[in-house]
Amino acid sequence: MNVYEEREEEASVHNQRAASPGFSCVSMKSNNSMPLPPYLSDGPAGTSGPVIFSRKRKRAASPLQPPDLSDEAAPSDGLGGRSDQIRYVSCQTSSSSSCQKHISHHDTEAALQLDSLQPVHDDVQRVKDRHKTSMKNRYERVFEGIKLQENQTLLNRIYTQLYIIEGESEGVNEEHEVLQMEKSYKTLQDTPIHCNDIFDPSPEPGYEEIRREKKDKIKTVLTKGIAGIGKTVSVQKFILDWAEGKANQDVDFMFVLPFRELNLIKDHQYSLHRLLLDFHPELQDLDSEMYDECTVVLIFDGLDESRLTLMFSDSENVSDVTESSSVGVLMSNLMKGDLLPSALIWITTRPAAANQIPSNYINRVTEIQGFNDPQKEEYFRKRISDEHQASRIISHIRRARSLHIMCHIPVFCWISATVLQNILKQDLSAEIPQTLTEMYIHFLLIQTHMRNQKYEERDPEKLLQSNRDVIVKLAELAFNQLMKGNVMFYEEDLIESGIDVTDASVYSGICTEIFREESVIYHRKVYSFVHLSFQEFFAALYVFFCYLHKKSEVMKMFLTGKSRTQCENVPLDGLLKGVMNKALKSENGHLDLFLRFLHGISLESNQRLLQDVLIHTENNPESIKKIIQNLKRGQKDNVSPERWMNLSHCLIEMKDHSVLKEMQAFLNSETKRKSLSLAQCSTLANMIMMSEEVMDELDFMKYKFKSKEGKWRLFPAVRNCRKALLANCNLTDQHCEILASALQSSNSPVRELDLSNNHLQDSGAKLLFAGLKSPNCQLNILRLPGCYLTDQHCEILASALQSSNSPLRELDLSNNRLQDSAVKLLSTGLKSPNCQLNILRSSGCFMTEEGCAALASALSSNLSHLRELDLSHNDLQDSGVKLLCVGLNSPDCQLIILRLSGCMVTEEGCAALASALSSNPSHLRELDLSYNHPGDSGVKLLSDKLKHLEKLKYVEQ
């Protein structure tokens, strides 16, 4: 296992706790891989506790290399203080930044008072140091594979930075988590919030006042993320950095309260003080009055696994840390701020459970998005020492797009590394798994082989039967609990599936990396699969096993209206159609991945791999054809696009790529104004985003959309296009955010963006223009005609032009009511040494001579790169043209094309232009004076300069 895996069951809870074990970082089934819980009694306590966090933190210089801070806590001497002294200590005599105040020794009386308090101060510091040392011992190590002493690994050695972004979505996303991950592909932003800074306001440039206002408001943070994405590893890293003195040194204590452990005491009465003392015996000398005087952060890990009743409206009010109540009431009052209001709170959860806490009690929502592409590669190179093997695996993952997307989940990177390393170790020329189903089957076979070596059963038949019995029982458990919507199971659930609870550890040992068993409070066991996708894989395996062995009671769940005999005799395509129909009715997609695995297992090649479990296989080409036809027929407009997309994935699991080929042929056809259904929009967007090849041009004007929703379904495909033509699309702030994210993404392919005739709101435009300043942005051409731009927009644009890596070469601002004030702001950017703009179009922008003066100054700059300037249809008149000619006369002016069509230019303006053309050297080669009033004399003046011009247009008004 790696840093992102769940830990093994502790063989002896008592002894392991005494040894202060480490824990593995990120749950592959959820977000609680925290250390063992305490005994909530007078006996030895466990290895978890609440967290205390400060608002006045020292920020690290680099997210990956935080500096050592001078106020690092000293090692604990292991001695405890006296509680009768501690209770008299005030905040001003504590040693941390929040609990210490310098007291002068120059005053004799004050010095005597200090001396009298010094033993008390030492006792308090001793408790803090002892707690910090205890937390460091618990969180500095992770375990790879079975939890044995020799398998310990330092977290800091293998930790790979994760992306945490800020963003609160509207409502709760109820889609299946894997679909959420696939839809968010290529949306990773490049300025993450470091886990040590989650309580700090957003680092938005230029908004210092907003940051100051928010500083005191970010009290409670909710961090969302799918199973296995890295929520708990962020918690562990946060604690470890504090314990090692690298961050948050004004924090006095840190505690973690995993909901999984709190579930088992939900019916008991506790005070907060008693709860924390039982979790952390090193705090036994801490007086309850100290909580309000020290800096405290509480981390509630795994809200999605909570079985507590959280009440926020009619809950019992608890405001004293010594007042007893139910655990659910304590948690509710902590989150509301009635209990321990000075504490900061960090809650981690899977997305679907986020709505358990009303939004008015949350100050910030963040999301962990896992690994981006460079981080995936970093992970594989850290994990695999053989450089050639690592490169081959990375190359394969890139080509298999479905696998590539799943590798955003750290735990899936580990699964892929395990499988691919094993395959290449045996045969470098071996065929590598291409689908999710193949990957999971190979992983199961590897674990079964490990079990065979471990138990060394001499009788092959007995070993085979033993393996089969175990896997089938685990598969039955997975299926039963999936149908109930459970991801955690207890002893009664195992008994229901025929698993002897006294031999549960054997089951865990057989498939060490698939099935997890954990000892928690009161020695009660909690079981789960290492990741939700493994539960869905096993559930699909069980249904297929029941089909082959004619177990009608399971098949009847999907074949309503059929008798037992009919169920036993139903063909495979009939069963899969029944499962498909049930999955399509799911509102949150909880059967989507299960359906995908079931179709994958139906392939004869995959059945052969599983033959030891399935006993026999079925090969019916006609049935396979019908299954594929049913999947295609299921893709109708009355099916939600999410469900429709999953059917496409089912086809891919069956290695049928016909839908993508049909869509590609559709795009390549000469049909004009292609009409796209909702489902086709989803498929097209998915195809473009998952393609290894970047699409040259995506033009929304080429398509007819049966609804606006279809257009929005296609919108994310912009992320994998060189040119995106989005004119007249009624863009919203959300679309601007998607565009900004596309511009900021690593290796962004977007080079040209046409947003003509969209009414950009201030907030949307700010988001979009902020994307231009990203170091990853490679946009060369930006067209914004008719977008209702304002002075404020031009100020942000000017700032983007001045950024050190500005890639913009062409900017079209035509038909916006900019006026002179906005042009002045823009001209500031044009004079920047970083500005690389070659073409500026400002036709019809209500500009006058004042704006011409600003542009002339930019043209005169020795740093100007402008080669083409279009000022057509502005009321410049001769006075404005004369000012502009000052810039044209400059030896630094590089302008080649100047368009002044319809600018009210007369003979006087022509004379100024003629003079500019006479300057040495003049670079101007093309001049457009159409629809002006130059008169014959003005035309003659310019005609004399034709030797300098290659093209002159002067159509009379």
Contacts of [X] that satisfy side chain to side chain donor-acceptor pair (under 3.5 Å) - sequence neighbours left out:
X    : result
S827 : none
S832 : none
E868 : R841
K711 : none

Using only atom types and a distance under 3.5 Å, with no angle test, would you say the side chain of [X] pairs donor to acceptor with the backbone of [Y]?
X    : Y    : result
R722 : V694 : yes
N889 : G887 : no
H408 : F371 : yes
N758 : C729 : yes
S890 : V886 : no
N874 : F846 : yes
N815 : G786 : no
S879 : E849 : no
T828 : K824 : yes
R867 : H865 : yes

Side-chain touch [X]/[Y], heavy atoms, less than 4.5 angstrom:
X    : Y    : answer
E810 : R783 : yes
R817 : Q819 : yes
L739 : L726 : yes
L888 : L913 : yes
S391 : R381 : yes
D812 : I781 : no
L725 : L698 : no
L801 : N834 : no

Which pair of non-hydrogen atoms, one from [X] and one from [Y], has the smallest distance, and what is that distance?
X    : Y    : value
A727 : M701 : O-SD, 4.0 Å
A724 : V718 : CB-CG1, 3.9 Å
A685 : R713 : CB-O, 3.3 Å
L818 : D791 : O-OD1, 3.6 Å
L884 : C852 : CD1-O, 4.1 Å
G710 : F705 : C-CD2, 3.8 Å

**OP:** Sequence neighbours left out, what passes side chain to side chain contact (heavy atoms under 4.5 Å, CB included) with E795? Give chain and number order.
**Re:** L825

Looking at [atom1] of [X] and [atom2] of [Y], how far apart are the two atoms once the value is rounded to the nearest 0.5 Å?
X    : Y    : atom1 : atom2 : value
C736 : L755 : SG    : CG    : 7.0 Å
L826 : L840 : CG    : CG    : 6.0 Å
R751 : R809 : CZ    : CZ    : 11.0 Å
L676 : L684 : CG    : CG    : 6.5 Å
M904 : N932 : CE    : CG    : 8.0 Å
F380 : I397 : CZ    : CD1   : 4.5 Å

Could you tell me if [Y] and [X] have a donor-acceptor pair between their side chains, going purely by distance under 3.5 Å?
X    : Y    : result
S930 : R899 : no
Q877 : D875 : yes
T906 : D878 : yes
S857 : K831 : yes
D820 : T848 : yes
Q836 : S806 : no

Original post:
Is the number of heavy atoms from other residues, nucleotides or ligands within 6.0 Å of CD (Q894) greater than 12?
Top reply: yes

Original post:
In this structure, which one of C845, S756, S843 forms a side-chain contact (heavy atoms from CB on, under 4.5 Å) with P785?
Top reply: S756

**OP:** Could you check D870, D928, L871 and say which one makes a side-chain contact (heavy atoms from CB on, under 4.5 Å) with L900?
**Re:** L871

**OP:** Determine which pairs satisfy ring-ring contact (aromatic ring centres under 6.0 Å, His included) with at least one residue from residues 761-812, sequence neighbours left out, and list them in order.
**Re:** H759-Y788

Subject >> Derivation of the side-chain contact (heavy atoms from CB on, under 4.5 Å) call for L830 and S861 >> reply: CA-CA 9 Å; L830 294 175; S861 168; over 6 Å; no

Subject >> Step-by-step side-chain contact (heavy atoms from CB on, under 4.5 Å) determination, D733 to Q761 >> reply: CA-CA 7 Å; D733 288 359; Q761 303 294 328; 3.8 Å; yes

Original post:
Between C903 and V881, does a side-chain contact (heavy atoms from CB on, under 4.5 Å) hold up when you go through it step by step?
Top reply: CA-CA 9 Å; C903 288; V881 172; 5.5 Å; no

Original post:
Which is it for L772 and L782 under the side-chain contact (heavy atoms from CB on, under 4.5 Å) test, yes or no, and what are the steps along the way?
Top reply: CA-CA 10 Å; L772 296 175; L782 178 60; 4.0 Å; yes

